[in-house]
Amino acid sequence: MPTPRPGWRQWIPRPHVPLPVHRWLSPGPAKHEPTPEEVATLAAMQAALGRMADAVRAEVTAVGELLAVVEFPPEPAPDVHKALSRALDAYDAAGRLMDDVADLVELAGVAVLAGDARVSLAVAAARYRHEPLPALPRPCFFNPLHGRSDRTAEWRTGYKTTLKVPACTPCRKAIRRGDAPAHLADRAPDGRIVPYYAVDPAVSVWSATGYGTFHDDLAARIQRGEHRKRRRGHRP
């Protein structure tokens with residue numbers, strides 16, 4: 001599919017693409033022999049992928065349809081153009097990833113990118129109309145599939161290191177209680193099941209960016225294919 005650019009109305013709805021079966025998703029041979037709990041986690045993640053994929057794909061299509069009908073001048077003001085370009089890039093990255101989504105961790109990335117496209121488009125529209133900017137909620141850092149939030153939580157990453165990250169209400173409450181938030185799990189290269197943000201950031205674009213929490217270039221990284229490093233890292 002061509003990336004929409006001036007004329008950015010050259011948008012073609014994406015056809016339904018069956019989810020591929022990636023061999024590395026199964027708990028096969030690896031440096032670490034999966035425990036029964038880890039096998040159950042992998043099975044639950046694969047089941048969630050099946051349940052949620054159609055809804056996420058429909059959201060990507062809906063964002064594309066919105067981009068196709070929104071009205072902007074051919075040469076908008078620089079601030080409008082910047083926000084619109086971010087929306088188009090996020091949509092393009094979401095579509096590319098959805099066409100080849102491998103597992104629940106990547107599906108979460110599709111949902112984040114589709115949401116980023118919606119937010120950036122709303123910013124572009126507000127700037128074009130000279131209206132106040134809309135709220136800019138970010139995906140829950142611990143599990144982006146929890147939705148977006150404009151609230152933060154203090155997350156202790158080490159002995160003395162604490163970061164403020166966007167967090168949904170249940171995750172914030174868990175942290176205040178001293179409990180672990182309900183994180184999105186991932187399979188590390190050695191086969192262990194860990195929070196996605198515990199995977200080596202040199203391998204996982206999701207860990208490296210926190211799904212956009214730490215860096216705002218997630219769409220560009222997906223367009224460059226950086227998400228494929230993680231797939232190669234899972235090979236036994």
Side-chain angles (χ1 to χ4, degrees), residues 22-27 30-32 34-35 37-38 41-42 44-46 48-49 52-53 56 89-90 93-94 96-98 100-116 137-149 152-168 170-172 174-175 179-236:
H22 290 262
R23 182 176 59 86
W24 58 263
L25 290 177
S26 62
K31 299 175 184 177
H32 167 79
T35 66
E37 292 78 10
E38 289 173 333
T41 297
L42 287 170
M45 291 174 66
Q46 192 67 14
L49 175 66
M52 301 178 68
V56 174
D89 285 341
R96 289 171 187 252
L97 188 58
M98 187 74 243
D100 189 35
V101 69
D103 65 353
L104 193 64
V105 173
E106 292 190 0
L107 188 70
V110 177
V112 166
L113 289 162
D116 287 348
R138 295 297 305 156
C140 175
F141 168 76
F142 301 101
N143 187 339
L145 294 172
H146 290 168
R148 292 181 172 244
S149 175
T152 61
E154 291 192 348
W155 175 55
R156 186 176 295 277
T157 62
Y159 177 61
K160 292 185 177 180
T161 305
T162 301
L163 296 176
K164 284 189 175 181
V165 295
C168 65
C171 285
R172 291 199 311 273
I175 291 173
D179 297 333
H183 60 259
L184 177 63
D186 194 7
R187 187 180 179 189
D190 65 359
R192 293 176 300 117
I193 302 301
V194 298
Y196 83 87
Y197 43 80
V199 177
D200 183 354
V203 173
S204 170
V205 68
W206 315 114
S207 174
T209 65
Y211 284 94
T213 294
F214 305 134
H215 302 282
D216 63 359
D217 61 346
L218 179 60
R221 292 181 185 226
I222 298 305
Q223 288 173 323
R224 292 196 298 265
E226 291 188 19
H227 58 289
R228 296 190 179 94
K229 294 180 183 177
R230 173 174 164 269
R231 299 179 185 179
R232 293 193 294 268
H234 284 78
R235 291 174 182 169

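One is the number of the first residue; the rest follow in order along the sequence. What's counted below: heavy atoms across the whole structure, side chains too, no hydrogens, waters or symmetry copies.
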Closest approach of Arg172 and Ser149, non-hydrogen atoms and distance?
NH1-OG, 3.4 Å
Minimal heavy-atom distance between Phe214 and Phe141, with the atoms involved, is CZ-CE1, 3.5 Å
Is a donor on one side and an acceptor on the other found under 3.5 Å between the side chain of Glu106 and the backbone of Ala102?
yes
Closest heavy-atom pair, Pro144 versus Leu184, reported as atoms and distance to 0.1 Å, is CD-CD2, 4.2 Å
If the condition is side chain to side chain contact (heavy atoms under 4.5 Å, CB included), which residues does Ile175 pass it with, not counting sequence neighbours?
Phe142, Ala153, Pro181
pair Asp186-Tyr197: side-chain heavy atoms closer than 4.5 Å
no
Hey, does the side chain of Arg148 reach the backbone of Val112 with a donor-acceptor pair shorter than 3.5 angstrom?
yes
Pair listing, salt bridge (charged side-chain N to carboxylate O under 4.0 Å, His left out) test, anchored in residues 192-210, at least two apart:
Asp190-Arg192
In Arg231, Arg228, His227, the residue satisfying side-chain hydrogen bond (donor to acceptor under 3.5 Å, both in side chains) with Asp100 is Arg231
Side chain to side chain contact (heavy atoms under 4.5 Å, CB included) partners for Asp216, two or more places apart:
Arg86
Scanning both residues in full, the closest heavy-atom pair of Ile222 with Ala93 reads CG2-O, 3.8 Å
Leu107 CG to Met52 CE distance, which is reported to the nearest 0.5 Å
6.0 Å
Not counting sequence neighbours, which residues clear side chain to side chain contact (heavy atoms under 4.5 Å, CB included) with His146? List them please.
Cys140, Asn143, Cys168, Cys171, Ala182
With sequence neighbours left out, the residues meeting salt bridge (charged side-chain N to carboxylate O under 4.0 Å, His left out) with Asp217 are Arg221
Could you list all the side-chain hydrogen bond (donor to acceptor under 3.5 Å, both in side chains) pairs where at least one residue sits in residues 202-214, not counting sequence neighbours?
none
Where the side chain of Arg138 meets the backbone of Pro166, is there a donor-acceptor pair that is under 3.5 Å apart?
no
Would you say the side chain of Val56 lies within less than 4.5 Å of the side chain of Met98, judging by non-hydrogen atoms?
yes
Indicate yes or no: at least one non-hydrogen side-chain atom of Gln46 is less than 4.5 angstrom from one of Leu104.
no
How long is the gap from CD1 on Ile193 to CD on Glu37, to the nearest 0.5 Å?
11.5 Å
With a 4.5 Å cut-off on side-chain heavy atoms, are Gln223 and Asp89 touching?
yes
Run the numbers on Val105 and Arg230 for side chain to side chain contact (heavy atoms under 4.5 Å, CB included), then give the verdict.
CA-CA 11 Å; Val105 173; Arg230 173 174 164 269; 3.5 Å; yes
Distance-only, no hydrogens or angles: does the Thr162 side chain make a donor-acceptor pair with backbone N or O of Trp155 under 3.5 Å?
no
For Leu218 and Gly212 the tightest heavy-atom approach is CD2-N, 4.3 Å
Steps toward salt bridge (charged side-chain N to carboxylate O under 4.0 Å, His left out) verdict (Asp103, Arg187)
CA-CA 10 Å; Asp103 65 353; Arg187 187 180 179 189; over 6 Å; no
